Every structure is written in C-alpha cells, then in structure tokens.
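Provided herewith is a single structure, encoded as structure tokens, for subsequent inquiry.
None of the values given here were measured: they were computed from a predicted structure. As the structure lists them, so they are numbered: ligands from 1, and atoms in each ligand from 1. Residues: numbered from 1 along the sequence shown.
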Amino acid sequence: MKIIKSPQQMQSVCLALKKKGRAIGFVPTMGALHQGHLSLIRKARKENDIVAVSIFVNPRQFGPHEDLKKYPRPRVLDLALCKKSGVDLVFNPEVSGLYPQNFKTNVYLEGLSQLLCGASRPEHFRGVTTIVAKLFNIVQPDSAYFGQKDGQQTVIIKRMAEDLNFPVKIKVLPTLREKDGLAMSSRNIYLNKIQRQDALALNKALGLARLLIACGQKDSAKIMAKMRGLIEKKKSAKIDYLAAVDMNNLKPVKRVTRNCLIALAVKIGKARLIDNIII
Ligand code: AMP
C-alpha cells in the first residue's frame with residue numbers, strides 16, 4: 001500500500017495506472033474509519049483493479065463554529081485498516097497541498113446545496129463539491145463510492161458529476177448501522193452514555209415513518225409530526241430538520257410515494273447526526 005501526500009504525485013501515479021488500463025475505484029473519506037467506510041472500500045476492492053482511498057479532513061466543508069478542530073484523526077489506525085482491507089493507494093494530503101494560498105476556484109450547485117443540511121450549514125456543500133471535484137481530477141477514478149447515510153451529498157455529487165462531465169460512475173451503498181440501529185458515524189464518539197441512548201431516536205423515528213407508510217399513511221406532514229413527537233421525547237435531542245423530499249430534486253413532497261427520501265438532522269448534545277431512508 002502506497003501512502004501519498006502530494007496531489008501532483010497522486011495524480012501522476014493514477015494517470016500511469018490508467019494508461020496501463022487499470023480500473024480505479026475511489027473512496028473519499030475524512031478518516032476515523034468505521035465499518036461504513038470499510039463497506040465502501042470492500043465494494044471498490046471487488047469491482048476494480050486498484051483501490052484508492054483519500055483521508056482528508058476538509059476544512060472548507062466545516063462552518064466557523066463546527067467541529068473541525070476536534071474531528072477525530074486516528075491516522076495510524078486508519079492506515080492499518082486501509083492496509084488490512086486491501087487498499088492500494090492512500091491519498092492523505094496536507095491542507096496547504098490542496099488549498100495553496102492563491103486558491104480561488106469553487107464548485108457550487110445552485111438550489112440543491114441550500115436545502116436540508118444546507119439550510120443550517122450554508123457553506124458545507126460548496127466545500128464538499130469543490131473537494132470532490134478536485135479529488136476526481138487528481139485520482140481520475142472509473143468508479144467512486146459514497147454512502148447513502150449522507151443522502152443529500154449523494155444527490156449533489158451525482159448532479160455535479162453529470163453537469164461537469166466527470167467520466168466516473170457514482171455508486172451509492174447502503175448505510176451501515178450499529179447493532180441497535182444507530183447509523184455508524186465518525187461523530188458518534190462525541191456522544192456520552194445517555195446521549196448515545198437518546199441518539200437511537202433517529203433510527204426509531206425513521207422506522208416509525210416506514211411503519212406508518214406501510215400501514216397506508218401517505219401524508220408527509222402527519223408522518224413528520226409523529227417522528228417529531230418521538231424525537232422530542234429525548235432530552236438531549238434538538239431537531240435541525242425532518243423532511244420528506246423527492247429523491248431527484250430534494251424538494252418537499254406532500255404525499256410520500258415512491259422515490260421519496262425521508263431525511264433528518266438532529267443535534268444530540270454537541271454531535272450533529274444525520275440519517276435517512278429511501279421509500
Ligand atoms: P466521511 O468520512 O464521513 O466523509 O464519509 C466518507 C464516506 O463514507 C461518505 O460517502 C459517507 O456517506 C460514507 N459513510 C459514512 N458513514 C457511513 C455508514 N454508516 N454507512 C455507509 N457509508 C457511510
């Protein structure tokens with residue numbers, strides 16, 4: 001396994017591999033790897049000759065009062081997990097390597113970036129699309145792997161790849177969960193014992209939505225109200241949003257039918273957690 005810090009070196013290694021006809025599967029991450037990340041790496045391993053993983057805590061997708069400084073960075077463990085999972089290339093750049101002082105260009109999607117998480121994190125998706133576009137240009141992957149856990153992100157990245165003609169297949173894999181249903185996240189370590197219990201309300205609320213829909217309830221306002229009631233019972237929980245939206249354009253739907261994404265963001269203590277299901 002090669003560990004590369006320089007964007008230029010990473011790009012030339014990837015270009016050389018492509019010239020030899022090797023298919024590159026790419027998994028972009030911010031590190032603090034868990035089974036969710038590893039499921040993406042496993043899939044990339046199965047489908048490609050070369051697996052590249054990036055580990056980069058991207059400052060530009062964090063707001064001014066968010067957790068950039070304390071975001072976990074267990075590099076030694078991450079690299080060991082990558083090695084064990086058969087990763088060929090780890091791209092682990094410095095901030096100054098990707099954003100030199102004269103850096104000026106951003107990639108921004110109108111509309112989609114302002115909805116859902118974008119309402120309370122106005123700079124977030126500009127940071128995400130800019131870094132993913134840069135990484136696609138550096139790695140030149142044939143396929144790139146993303147988790148459904150970040151549902152809005154997958155919609156935005158697919159749109160960007162199509163709009164900007166990136167020659168990459170975007171693959172979205174299911175959310176991996178802890179045994180008790182909590183979606184795996186690098187931010188779960190911020191939770192204390194009580195908050196960890198309270199955090200189960202997210203998946204329970206999504207389960208309740210699924211049940212209501214299965215029983216014939218289609219009215220999204222009624223479904224959201226029931227979900228809200230369940231989450232608000234938890235003392236440490238503060239809802240950012242609950243929404244039923246169209247999978248393609250992220251616009252709210254009145255009636256929950258096919259291709260609907262039910263998504264939520266809830267602050268539990270200091271951790272802002274997101275989760276979703278597709279109906
Ligand atoms: P992050 O390191 O949080 O930026 O996530 C890197 C990638 O892993 C993103 O595509 C995430 O959607 C994905 N991911 C994060 N958590 C999970 C999970 N629980 N299950 C599946 N994929 C995940």
> Honestly curious: do I24 and V27 fall in one hydrophobic cluster under the side-chain, below-4.5 Å linking rule?
Replying inline: no
>> Quick one: does any side-chain atom of R45 pair with a main-chain N or O of G86 as donor and acceptor, under 3.5 Å?
In response: yes
> Who are the salt bridge (charged side-chain N to carboxylate O under 4.0 Å, His left out) partners of K5, not counting sequence neighbours?
Replying inline: E94
> If you measure from each heavy atom of P174 to ligand 1, is any distance below 4.0 Å?
Replying inline: yes
>> Residue-level breakdown please: for A32 versus ligand 1, do any non-hydrogen atoms fall below 4.0 Å on the side chain, on the backbone, on both, or on neither?
In response: neither
>> Below 3.5 Å, N or O to N or O, backbone or side chain included: is there any such pair between D150 and ligand 1?
In response: yes
> Is there a donor-acceptor pair under 3.5 Å between the side chain of D49 and the backbone N or O of A23?
Replying inline: yes
> Any non-hydrogen atom of Q35 lying under 4.0 Å from ligand 1?
Replying inline: no
> To which protein heavy atom is atom 4 (O) of ligand 1 closest, and what is the distance rounded to 0.1 Å?
Replying inline: M30 CG, 3.6 Å
>> Between L200 and Q197, does the side-chain contact (heavy atoms from CB on, under 4.5 Å) criterion hold? Intermediate values first, please.
In response: CA-CA 6 Å; L200 296 177; Q197 274 308 109; 3.9 Å; yes
> Would L164 and L135 show up in the same hydrophobic cluster when neighbours are defined by side-chain heavy atoms closer than 4.5 Å?
Replying inline: yes
> Of all the atoms in ligand 1, which lie at a distance below 4.0 Å from a heavy atom belonging to P28?
Replying inline: 6 (C), 7 (C)
> Judging by distance only, is a nitrogen or oxygen of L176 under 3.5 angstrom from one on ligand 1?
Replying inline: yes
> Which ligand 1 atoms does M184 reach within 4.0 Å, using its non-hydrogen atoms?
Replying inline: 16 (N), 17 (C), 18 (C), 19 (N)
>> Test of understanding: given a 4.0 Å heavy-atom threshold, classify the contact between L173 and ligand 1 as side chain, backbone, both, or neither.
In response: neither
> Around K43, counting heavy atoms of other residues, nucleotides and ligands shown, do more than 12 lie under 6.0 Å from its NZ?
Replying inline: no
> Taking distance alone, with no angle check, do F146 and ligand 1 share an N/O pair under 3.5 Å?
Replying inline: no
> Closest non-hydrogen protein atom to atom 5 (O) of ligand 1, residue and atom name please, with distance?
Replying inline: H37 NE2, 3.4 Å
> For atom 22 (N) of ligand 1, what is the nearest protein heavy atom, given as residue, atom name and distance?
Replying inline: G147 CA, 3.5 Å
>> Both conditions, 6.0 Å and 45 degrees, for the charged tip of K70 above the ring of Y190: are they met here?
In response: yes
> What is the closest protein heavy atom to atom 17 (C) of ligand 1, and at what distance does it sit?
Replying inline: H34 CE1, 3.7 Å
> Taking only heavy atoms of L40, which atoms of ligand 1 are found under 4.0 Å from at least one of them?
Replying inline: 7 (C), 8 (O), 10 (O), 13 (C)
> Any N or O of T175 that comes nearer than 3.5 Å to an N or O of ligand 1?
Replying inline: no
> Should the ring pair F136 and F26 be called parallel, tilted or perpendicular, given that the plane angle runs from 0 to 90° and is split at 30 and 60?
Replying inline: perpendicular
